[in-house]
Number of protein chains: 2
Amino acid sequence: MVDVAREAGVALRTVSRVVNGDSTVGPGLAARVHAAIAALDYRPDERARQLRSGVTGTLGAAVRQLSHVNPVLRAVERAARDAGLMVLAASTEDDEELERRVVESMCRRRFDGIILEPIGTDHGYLIPELAAGLSLVAVDRPVLGLDVDCVLSDNVAGIQAAYSHLAERGHRRIAYIGDDERIYTAQERATAFRACAAASGRAVDSMAHTGPIERGRIRAAIAAVLDGDSPASAIITGNATISVEVLRELGAAAGKVAVIGFDDSELATLLRPDLTVIAQDDRTIGGTAVDMLRARIAEPDRPVRRVTVPVELVARGSGEIPPAW
Amino acid sequence: MVDVAREAGVALRTVSRVVNGDSTVGPGLAARVHAAIAALDYRPDERARQLRSGVTGTLGAAVRQLSHVNPVLRAVERAARDAGLMVLAASTEDDEELERRVVESMCRRRFDGIILEPIGTDHGYLIPELAAGLSLVAVDRPVLGLDVDCVLSDNVAGIQAAYSHLAERGHRRIAYIGDDERIYTAQERATAFRACAAASGRAVDSMAHTGPIERGRIRAAIAAVLDGDSPASAIITGNATISVEVLRELGAAAGKVAVIGFDDSELATLLRPDLTVIAQDDRTIGGTAVDMLRARIAEPDRPVRRVTVPVELVARGSGEIPPAW
DNA sequence: GCCGGTTGAGATAACGTTATCCCGAAAGGT
DNA sequence: ACCTTTCGGGATAACGTTATCTCAACCGGC
C-alpha cells in the first residue's frame, strides 16, 4: 500500500480511501491510484483490515462432513449470503478432537460467529471461548451441558407421526431400526419410538434395534424383526443412511413391508414404491440458525433460545403398504 | 496481550513466548502467564499472528456445492490435514459471479493456496491474482484460457471403456444421455462418445442427447432412444445425477436395457441390477491436488502441470445386460 | 476584506501479534 | 579475579490496514 501511495504520489490514507470507494477523493487522484494499484499488482490484505477496523463479516460452519449431503448447510450459506456475510466451512468428521481444533481455529480467526453441529458429550473447551465472547448456535443437536442457542428438529413428533401413520393403517407390529444411540438424535428418536410402542401396549425390546451403521447389523436387525412367529409388518428407520441400508437389505421384499424413513433424500423417489419419509425442514433450520446467530452477535447478552422446528410426514407409497394378514 | 503481561508482571514478548511454547521461558514465569491468560480470558488473534509472522497454514476450497456429495473434497480435507494445513471451504453454486467473490475473498485473506472447481468460461479475474502470487490448483475441470495447474479425470478413457465394454457384449446401438455441454466435463464426455460412435461407423446424432438436467428432457431423450424401429440396447449416462434420472424414468424397464453410469455413488448398489459405473478415483484426485498446491506454494515458478487421473470401470450387473434381439 | 463552511488530502496513531536486537546475571574455564 | 558462554527475558520496531485529527485551499456571503 505504501508502494502504491508512492507510485501514485499520494498519501497512504488516500490509497485506503480509494480502495474503499470513499467519495471524498477527487476523480483525478482516484484514477492515478487505480493505475498504480494495477501497475503494482496490489491486493488489499483482509486480515489487516479486520485487525484495524474490527469487523470480519464472516461466519464459520463446523459440520460433520462437508462432502456429504447437508441441506441445512446449504440453507445456512444462502441465508448468510442474503445477510451479506461470508460462510467458511470445515468438517469435524464426527471426531471430538477435530471439532475442538476446528472451532478453536475459527475463534482465533475472530469469525463473527460459528454454526456448529456438535458431536460427542464433552464441550468443556467451549466454556472459555463463550466467556470471551464467542457467538455460537448449535444445529441438529444441542451442546450437552452448556446453555447455548440451538435449533433442533422435532424428532419426537416425527417418530410419533410415523408411528400413528402406520397404526392408523392397521399395522400392529411396527419395528424401528436406528443409528447408534450415543448420537443425540438417534437416542432421541429411539426413545420416542419406545414410548410410542409402550403407549400402544406392545413389547418394545424386540422391535427397537439401534447401533452403528454396519451392513451386518442392519441385516441381523431386519432378520430379527421380520422372521419369527409374529413378524413386523412395518419398519421405521432412524435416518437417511439407515433407510438406504434397510432398503438394500429388503431388496424384493421392499414391496411387502411398509417403510417410513427419517430424513428425505433424492433416493426417496427413485425406488418403487417411493419412500414415505419424515422430512426435516432444512430451509427453516438453516435460516433460523443464521438469524439466531446474527441476533446473538448483535446482542451477546440476550437470553438463550432453543428452537424446535416441526417435521413433516411425506406420504409417497412405502408407508401406505397395508399389513399382510 | 498487554493486559496479560501486566497481570503476570512480565513483558509483552514473554507472553508471546509462552503462548507459542517457546522453551526459553522459565517454568515459574510460564505458570504465572498461564494463570493470567485464564484469569483474563485471553484468546490469541490469529489474524495479527499471520500478519506479523507471514504464515497462514490455510487452504481454501471453492467448490460447486458444499452440501452435495463430493468425495474429492473429502480427500482434499484429509490430505491437507495430514500436511498440517487447515481447509476452509465455500460454495460457488455454479455461479460465475459468486465464484469470483469467493476466490477474491480467499485471496484477500491471504490463504496459502486455493483449490477450485472452476465454472464458466471467463476467469479473467484470476490473472491479476496469479500475477500477485496466488497459488491455485483447478480440480475436475481446467481453467479455460489460463495456464494453471489442474487435476482432471480421464473422461475420454472412461467413455471409451464404457463403449467398448458394451460393444464387446454385442451391443450395436449404444446411446448417450449427458449433461449440458456448456459444462466442460459434459462436453468432453459427449465428444468422446461421438468419437466412439463414429469410429464404429454408426449414426451419431440420434444416439447422443445432451442438455440441462430436467426431468422432461431426460424422459424425451429416453423415448427418442428406446422407441422407434431401431431402439438402443444400451445407455451410457453423463454423470451421477443423470444416472439417477435415467433409472427413475426407466423404472421397470431398467432390467431390459444395459446402463453404464458415469460416476460411482451409493445408489449404484441399491438398485437391481446394481449399476455398472465408470468410477473416478476421488482419493487420488484430491490427494494430487493438495500435493500440487503445496508444491506450487513452495516453488511459485515451477512449470505448470496438468494431471489426468485414470478412471475405472466397475462392472456390477447393469452394464452386462445382453442386447435383446 | 474578513469569516464560516465545505472539500480534498496528509500525518499520526492505533489494531494484536512476532522478529530482531539487546542486556543482565549466572555458570564455567583459565 | 577475569573473560567468555549461555540463558532468561525486556524494548522496540515492524506487519498492512483504518480512525482520528489536522490543515490548506476554495467558495460564497455580508
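Each chain gets a letter, A, B and so on, in the order its sequence line appears, and its residues count up from 1.
The phosphate of C:dA9 (OP1 or OP2) has no side-chain N or O of A:T14 nearer than 4.0 angstrom.
The distance from atom CZ of A:R32 to atom C1' of C:dG10 is 14 Å, rounded to the nearest whole Å.
Across all strands shown, B:V19 has no heavy atoms under 4.0 Å from either base or sugar-phosphate atoms. Among the heavy atoms of the strands lying under 4.0 Å from B:R43 are primed sugar atoms or P, OP1, OP2 only; no base atom is included. No contact: B:V2 has no heavy atom under 4.0 Å from any strand. At a threshold of 4.0 angstrom between heavy atoms, the contacts of A:L29 are confined to the sugar-phosphate backbone, with no base atom among them.
The side chain to side chain contact (heavy atoms under 4.5 Å, CB included) test applied to B:P71 returns B:V69, B:D282, not counting sequence neighbours. With sequence neighbours excluded, the residues forming a side chain to side chain contact (heavy atoms under 4.5 Å, CB included) with A:A83 are A:L85, A:R294, listed by chain and number.
If you find the closest nucleotide of DNA chain C to A:A11 and to A:R110, the one lying nearer the 5' end belongs to A:A11.
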* **A:R78 vs A:V290, side chain to side chain contact (heavy atoms under 4.5 Å, CB included): CA-CA, chis, key distance, verdict** => CA-CA 10 Å; A:R78 188 177 319 217; A:V290 171; over 6 Å; no

* To do: Determine, step by step, whether B:V55 and B:R49 satisfy the side chain to side chain contact (heavy atoms under 4.5 Å, CB included) criterion, reporting the C-alpha distance in whole Å, the side-chain angles of both residues, the deciding distance to 0.1 Å, and the verdict.
  => CA-CA 8 Å; B:V55 296; B:R49 217 210 85 231; 3.1 Å; yes

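Considering OG1 of A:T92 and CD1 of A:I119, their distance stands at 4.0 Å, rounded to 0.5 Å. Taken from CZ in A:R64 to CD in A:E93, the straight-line distance is 12.0 Å, to the nearest 0.5 Å. If you take CG on B:L73 and NE2 on A:H68, they are separated by 11.5 Å, rounding to the nearest 0.5 Å. Here the CD-CG distance, from A:E99 to A:D94, works out to 9.5 Å after rounding to the nearest 0.5 Å.
Within the helix from C:dG1-D:dC30 to C:dT30-D:dA1, the inter-axis angle between the opening and closing five-pair segments is 50°, rounded to 10°.
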Nucleotide N/O of nucleotides 21-27 of chain C paired with protein N/O under 3.5 Å:
none

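Using modelled atom types and a 3.5 Å distance limit, the side chains of B:E188 and B:Y184 yield a donor-acceptor pair. Counting only N and O atoms by type, the side chains of A:R109 and A:S105 include a donor and acceptor under 3.5 Å apart.
Within residues 44-58 of chain B, the residues approached by DNA chain D to less than 4.0 Å at the level of any non-hydrogen atom are B:L51, B:R52, in residue-number order.
Of the charged side-chain nitrogens involved, none lies within less than 4.0 Å of a carboxylate oxygen, so that B:E77 and B:R74 do not count as a salt-bridged pair.
Contact detail for B:D112 and B:G57: the closest heavy-atom pair is OD2-N, 2.9 Å. For the residue pair B:R296 and B:P300, the shortest heavy atom distance occurs at NH1-O, 2.7 Å.
Along DNA chain D, the stretch of nucleotides lying under 4.0 Å from any heavy atom of chain A spans, 5' to 3', D:dG16 to D:dT20.
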